[in-house]
Amino acid sequence: MTSRFYITTPIYYVNARPHIGHAYTTIACDTIARRQRMLGADTYFLTGTDEHGVHVERAALSAGQAPQQWVDEVSSAFRALWERMHLTYDDFIRTTSERHKRGVQQLWRRIRDNGYIYKGSYSGQYCVFDELYVDAVGAGAPCPECGRPTETVHEENYFFKLSEFSGKLLKLYTEQPDFIRPETRRNEVLSFVRSGLRDLSISRSTFTWGVPVPDDAGHVIYVWLDALSNYITALGYGSDDDGKFQKYWPADLHMIGKEIVRFHCVYWPAFLMAANLPLPKAIVAHGWLLFEENKMSKSRGNIVRAESILDVLGSDALRYFLLREVVFGQDGSFSFDALVQRYNADLANGLGNLASRTLTMIQRYFHGEIPYPSHAAARKPADDEIVAIAEKTIADYSTLVDQYHFSRALECAWSLVAAVNKYIVETEPWTLGEQQDEMSRSRLATILYTSAEALRIVTAMVHAVIPDATARIWAQLGLGDIKKLALRELKWGQLRLGTKLGSIEPVFPRADKMTIERMQKMEDQQRPTLATAEKSEPATQAQPAAAQRPTATPLPPPASASPDGQISIDDFAKVELRVAQVKLAEKVKGADKLLRLEVDLGTEVRQIVAGIAEAYLPETLIGRKVVVVANLAPRKLRGLESNGMIVAASPEGGKAVLCGFLEDVPLGSRLK
RNA sequence: GGCGGUGUAGCUCAGGUGGUUAGAGCGACGGUCUCAUAAUCCGUAGGUCGUUGGUUCGAGUCCAACCGCCGCCA
């Protein structure tokens with residue numbers, strides 16, 4: 001019986017276009033899925049988009065679009081990118097699809113019929129932004145997720161009896177220590193569950209963009225219950241044809257980011273238990289991909305898209321970099337510099353060059369046919385060493401990669417590459433190539449066979465990671481279609497003598513100095529366009545790219561003032577003043593005058609460092625609406641990046657007085 | 001504030017159960033070969049192993065306190 005393997009990515013929220021963070025998760029899953037297929041497993045790889053919730057509704061409205069139109073666009077952007085990257089997913093689920101909605105409602109009914117859903121009422125604080133009920137006292141208390149002031153609400157909701165599952169969940173974590181990886185996430189979940197679980201509100205009635213609660217159209221199902229269900233609805237759960245569900249569920253692996261551990265490790269198993277459905281076998285949480293040590297964010301303007309990398313270096317380069325550079329499970333750092341360095345050192349100089357030199361010599365000395373020694377005496381200890389290293393590498397690599405230690409696995413694979421390069425230098429096949437005697441020819445044949453066979457083995461092993469280049473090396477080795485490779489049977493000596501090489505060409509041409517600039521330039525060019533495309537972000541849209549990246553684009557010339565000091569209306573229009581609300585304020589260490597603020601512009605939260613500490617205590621500012629210069633170029637103060645400026649009156653010799661409003665104004669409103 | 005984690009060469013990290021001169025990769029520098037994508041290969045780099053105490057014949061490796069960073073929770 002063939003084994004089955006069902007693997008999922010999270011479904012991506014369509015409030016933003018795909019970037020390399022999304023690509024990272026999906027690449028990791030694609031690698032695992034490809035490997036499982038090569039190992040002969042009947043593999044099913046699912047990804048998709050999460051399209052419900054108040055954020056999406058809001059984004060669509062502000063773009064003047066119907067929600068459905070909006071989500072169609074963004075969802076297709078994800079699929080377009082995945083196609084370009086040759087990601088081999090088997091299905092793409094959208095939460096707005098009928099098949100999904102039907103399945104979610106079915107799951108709801110099942111949980112309800114089992115007695116785990118009840119109608120209750122909630123009065124307290126609610127964060128509209130995060131759709132989150134907040135356990136806090138006092139009107140306007142800040143949301144623990146985003147820091148925005150919460151609203152006091154009284155509403156009827158459906159609740160899930162999460163509190164009844166503490167014991168069962170703890171039993172699950174104990175009996176299956178590998179249910180949650182890595183260990184540190186497991187510890188978090190354990191302490192969360194041990195501290196006691198409260199029932200979970202699983203419906204919302206304040207907006208409509210969601211899946212209606214069965215038999216009560218006034219409510220929509222909580223986005224997380226909606227979203228998590230995708231893992232089974234995509235398999236046909238709740239439909240007439242649930243063959244795939246029967247076949248593939250439970251999932252072998254849910255791959256997720258560390259920010260959604262709780263939903264996957266606590267809520268999801270509890271929902272499934274309540275519905276009497278089998279639980280997934282494992283959940284693996286990876287870390288975040290940072291850009292040069294910083295979190296990628298819209299306000300920083302440092303989100304890296306995958307497109308420029310694909311255009312310049314190709315998808316293999318990105319795949320290899322992400323899996324090799326980042327210790328899986330931990331946060332990792334992306335930079336163009338590191339990408340190019342890895343590319344040149346490992347792919348071009350390492351594997352690419354090994355293929356090139358080996359194949360060229362076989363071409364030159366043996367007319368392009370894999371040679372084999374005619375004399376047993378031509379064999380030397382160095383050859384056997386390579387065989388031993390190769391066999392050990394096959395074993396070690398597969399152990400590591402099957403534990404999702406991609407970085408160490410690739411390091412291990414490359415140790416074979418290095419060993420073969422060294423072997424070639426030490427055995428000097430080019431010297432033997434000048435000799436015509438039979439012994440020299442035999443020795444030369446041994447060396448080149450050994451090199452080519454080692455190359456074949458590395459190529460086969462890492463195919464799941466760098467599929468395109470390895471397919472080409474495979475063809476150059478004269479081995480045809482790499483897809484037919486049975487990885488499980490991979491071992492030394494399978495390369496047949498006489499195999500005719502294909503045409504040889506470099507697979508990883510070296511990247512020159514201009515490479516980084518080219519990618520960077522593409523990113524910069526893309527940003528203004530994206531700002532326009534992402535209509536959900538009026539603040540970003542209005543913000544010229546020049547303001548975000550002062551080094552990349554020349555700054556506009558200073559506003560031309562007339563001799564009497566007057567400016568034109570156009571000059572004033574360059575200053576983008578907007579209403580924002582302070583959600584967090586704290587003193588900057590070591591600075592008497594500075595406060596670090598986080599302000600909400602309605603569409604984004606950004607950090608501003610303001611020199612008002614002598615005039616205001618931080619805690620008095622929280623919740624206050626202020627005026628912000630939104631398109632001011634970022635600047636570092638005391639090591640903190642300030643993205644804008646708070647407008648205040650500055651009397652001579654007196655303390656600053658913040659600008660405010662007598663009437664209430666919506667966040668993000670522009671002053672003009 | 002509670003719980004958990006973490007701090008080792010310029011960078012990224014290895015260093016079960018304490019034991020001779022603390023390791024690897026990359027980068028940098030010097031050298032070599034020439035089959036190869038100016039690639040390969042060889043050599044060099046002397047890091048208070050966060051700080052301070054303690055246990056021990058002996059601690060990067062155990063304990064305590066402190067400092068820094070991170071995560072989860074409140």
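Keep in mind that the numbers below use all heavy atoms, side chains included, and drop hydrogens, waters and symmetry copies. Chain letters run A, B, ... following the sequence lines, proteins first, then strands; residues in each count from 1.
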Base-pairing string, 5' to 3', of RNA chain B - Watson-Crick or wobble, under 3.5 Å, | interstrand: (((((((..((((.....[...)))).((((.........)))).....(((((..]....)))))))))))).
Apply side chain to side chain donor-acceptor pair (under 3.5 Å) to [X] and list each qualifying residue two or more places apart in sequence or on a separate chain.
X       : answer
R596(A) : E586(A), E598(A), Q607(A)
R510(A) : N349(A)
T470(A) : none

Base of rA39(B) paired with side chain of N353(A) (donor-acceptor, under 3.5 Å): no
Any Q330(A) side-chain N or O less than 4.0 Å from OP1/OP2 of rU12(B): no
Most 5' of R342(A) and F508(A) on RNA chain B, judged by nearest nucleotide: R342(A)
Given RNA chain B, 5'-ward residue of the pair R364(A) and N421(A), judged by closest heavy atom: R364(A)
Partner set under side-chain contact (heavy atoms from CB on, under 4.5 Å) for K422(A), not counting sequence neighbours: E426(A)
Close aromatic pair by centroid cut-off 6.0 Å: F321(A) and F334(A): yes
Atom of L162(A), atom of A270(A) and distance for their closest heavy-atom approach: CD1-CB, 3.6 Å
Residues in contact with RNA chain B, drawn from residues 429-450 of chain A - heavy-atom cutoff 4.0 Å: W430(A)
Interatomic distance, R185(A) CZ vs rC72(B) P [rounded to whole Å]: 7 Å
